[in-house]
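Chain letters run A, B, ... following the sequence lines, proteins first, then strands; residues in each count from 1. Computed from a predicted model, the values in this text were never measured in an experiment. What's counted below: heavy atoms across the whole structure, side chains too, no hydrogens, waters or symmetry copies.
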Number of protein chains: 2
Amino acid sequence: MATMQDVARRAQVSLSTVSYALSGTRPVSDATRRRIEDAMAELGFQPNAMARGLASRRSHVLALIYPAMEKGLGGTVAEFVSSAAETARENGYHLVLWPFRTTQAPEVRDLVRQGMADGVLLMEVALDDDRVDVLDEAGVPYTMIGRTRDVTDRPSVDIDFERTTDDAVQHLVDLGHRYVAFVNHSQATADDGYAPTFRAEEGFEAAMRRRGLEPVALRVDESPRAGRDAVATLLEREPRLTAFVTMNEIATFGVVAELQQRGVAIPEDMSILSIVTSPGVGEMSNPPLTTLHAPGAELGRLGVQKLLSLVDGSRPSTPNVLIPCVLEPGSSVAPAAGRAPDDDDREPVAR
Amino acid sequence: MATMQDVARRAQVSLSTVSYALSGTRPVSDATRRRIEDAMAELGFQPNAMARGLASRRSHVLALIYPAMEKGLGGTVAEFVSSAAETARENGYHLVLWPFRTTQAPEVRDLVRQGMADGVLLMEVALDDDRVDVLDEAGVPYTMIGRTRDVTDRPSVDIDFERTTDDAVQHLVDLGHRYVAFVNHSQATADDGYAPTFRAEEGFEAAMRRRGLEPVALRVDESPRAGRDAVATLLEREPRLTAFVTMNEIATFGVVAELQQRGVAIPEDMSILSIVTSPGVGEMSNPPLTTLHAPGAELGRLGVQKLLSLVDGSRPSTPNVLIPCVLEPGSSVAPAAGRAPDDDDREPVAR
DNA sequence: GCGTTTCGACGAAGCGCTTCGACGGACGAG
DNA sequence: CTCGTCCGTCGAAGCGCTTCGTCGAAACGC
């Protein structure tokens, strides 16, 4: 493999001049630059990543700490990772995968100290997450995908759960729904301090109350079986339900199956709005689900951009952002049974 | 950050002794080793990855070239990536993501020349793939996930499509099915030289013929709509069908929906066996699909292990492997209508 | 005309580690 | 007791780059 020294010899200049030509740190005359570029092309020169990293103390590597797979990552995560990797690459950075769960803060610390990464992207932050503290202490730039409990000014990008749940409720209320249930993630995720479970629940309840409606919410295990059971539980708790908002893909399929088995037509008798959904999942149901799909790709891109602005002071800094999920029409939402849509947006309290 | 020199000073030994203690390359007395270990612990020393990489010419990084997302990676890919990253980590390696499609061989070459990766894992190899040539030329160790056209002795791990399709056909034939259709990936994937499309198709047809049965196969776009249309096309071509083997997750949902709409009961009137399926996808259907699910995690692990054996001569070398998909029982497969299972395994040709 | 900038290029000192050759002392053999 | 071995340790030479200080020469001012 050709080294910079080889290029220098061939271009009849000193090693340092080649370096300056490459980095643009100091001016180089056009004639010299051209000779150097020719030499590089002829030799197929590519600067050695390790040497560059050692000398400059920047590895040009970003680490992505992602939830070590328990039960297969969903499409949203895949989309996120993919988009993050692509964005990193476009900016001359590499993305390495660090599969560490919330409890593995010490491992994160060790890896960070090895100086392999210039910055860290932290997925699936828990409300209280030791890994964040470790990164803070180590002084490594990082960006959270998600937010810890105290939404201080720690750098982050996240789904706007408040807005998303409000959009969901609004969408249904516009169609005349008054009795809406929320199928949340499981109690287990809550026990782990998984933030979306809390933020979406709070968001849903607030959105309902804000409209004078009574929220019905349930935490449901991630299984079709649990989804079926949830239908029973929720209908018992509020028989007048005309719509479900779900944030639990696997359980949603159970919900659909159970309703169909009970002879409840979707969307005529019951609307289903699946939120924070992976791409393509809506199509897998029959009828295709109306979804508010998670902006995984966008989060990946913005997360990396934010991180790069911290890593590399010369880039413009970006603010923390919250991105709402995007409505993707399907065929699982319709006006509330027996009501025309929009016929009384002013009648806040249920009959 | 503490350096090796700091450790050496604190332990009252020379820099090189610390290095030897760490790597075990040369003997170090117990007493000295202990002093060094203590010093390292007290300083929280972690060897600098760049310096180590530069001096030893090994980055301890593996690159994973994966299909740059077009339409959201499936669960299998996610599972694979995750398992590869984890296996790499367990062996002291990092996994970086290189999103490059088949046509981006030059980019791959440049990155490889930068010496950032000790080895490369190549996903979704096409039948003819320039990236493989680039890696061959560069002399970088690599392992293919999948196989190029000529299954020479290039290092690879792959799904055993022949075995998987044969298992699928066998499973159905055991239940008395004689008229079985295959819903393949799209023509577009075939045009891209996507190997599974060919290998599964050939495998299915061979498996059928081997049993004296007439294969009916169709390449279907990855959409529910296309899946619905496929049902019409295939039933027209062979009205006596009692089973579908599908290798196209999205289309499968269309197949199921269309059959149900036509009043064809699953599995009583028609069996559906979904092969090379992502984890969890079976559960998303109603009834839950019987699947032969893709061994994504296993491929990831074995792929990394194979690659490491090439990168690091001291590890035992592993042979190329083909892994069949694993049967995951659901409720979409039943004995052929009007026949008891196994009542005439000897009657090869249909009535 | 000479002193002073300015520009472009050079040399050398690291960055933190691996690894090679060498060396001193303890030890067994003769 | 002496010589040869072997074990454990040390010093130094890089790995391929970045970056700082410097310096010659061309360009400028008065």
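- Rounded to whole angstrom, the span from the CZ atom of Arg113(A) across to the P atom of dG16(C) amounts to 16 Å.
- For Glu298(B), the side-chain hydrogen bond (donor to acceptor under 3.5 Å, both in side chains) test picks out no residue, with sequence neighbours left out.
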Run the side-chain donor-acceptor check on residues 111-122 of chain A: report pairs under 3.5 Å with partners two or more places apart or on a different chain.
unit_1    : atom_1 : unit_2   : atom_2 : d
Arg113(A) : NH1    : Gly44(B) : O      : 3.2
Gln114(A) : OE1    : Gln46(B) : NE2    : 3.1
Asp118(A) : OD1    : Ser59(A) : N      : 2.8
Asp118(A) : OD1    : Ser59(A) : OG     : 3.0
Asp118(A) : OD2    : Ser59(A) : N      : 3.1
Asp118(A) : OD2    : His60(A) : N      : 2.7

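- The distance between atom CE of Met40(A) and atom P of dG16(D), rounded to the nearest whole Å, is 17 Å.
- Proximity note for Ser14(B) (side chain, C-beta onward) versus dG8(C), dC15(D), dG11(D): the nearest is dG11(D).
- Scanning for side-chain hydrogen bond (donor to acceptor under 3.5 Å, both in side chains) contacts around Ser56(A) gives an empty result, with sequence neighbours left out.
- For Asp128(B), the salt bridge (Lys or Arg N to Asp or Glu O under 4.0 Å) criterion is met by Arg149(B), not counting sequence neighbours.
- Here the P atom of nucleotide dG8(D) and the CD1 atom of Ile36(B) are 13 Å apart, to the nearest Å.
- Residue Ser309(B) comes nearest to Thr318(B) through the heavy atom pair OG-N, 3.8 Å, listed as atom of the first residue, atom of the second, then distance.
- Residues that satisfy the side-chain hydrogen bond (donor to acceptor under 3.5 Å, both in side chains) test with Arg147(B), not counting sequence neighbours, are Asp158(B).
- Backbone-only engagement by Pro27(A) is indicated by non-hydrogen atom pairs under 4.0 Å involving sugar-phosphate atoms exclusively.
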Heavy-atom protein contacts under 4.0 Å, nucleotides 17-22 of chain D, coded B base, S sugar-phosphate only, - none: BBBBBB

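- Between Leu54(B) and Thr32(B), the residue anchored closer to the 5' end of DNA chain D is Thr32(B), taking for each the nucleotide with the nearest heavy atom.
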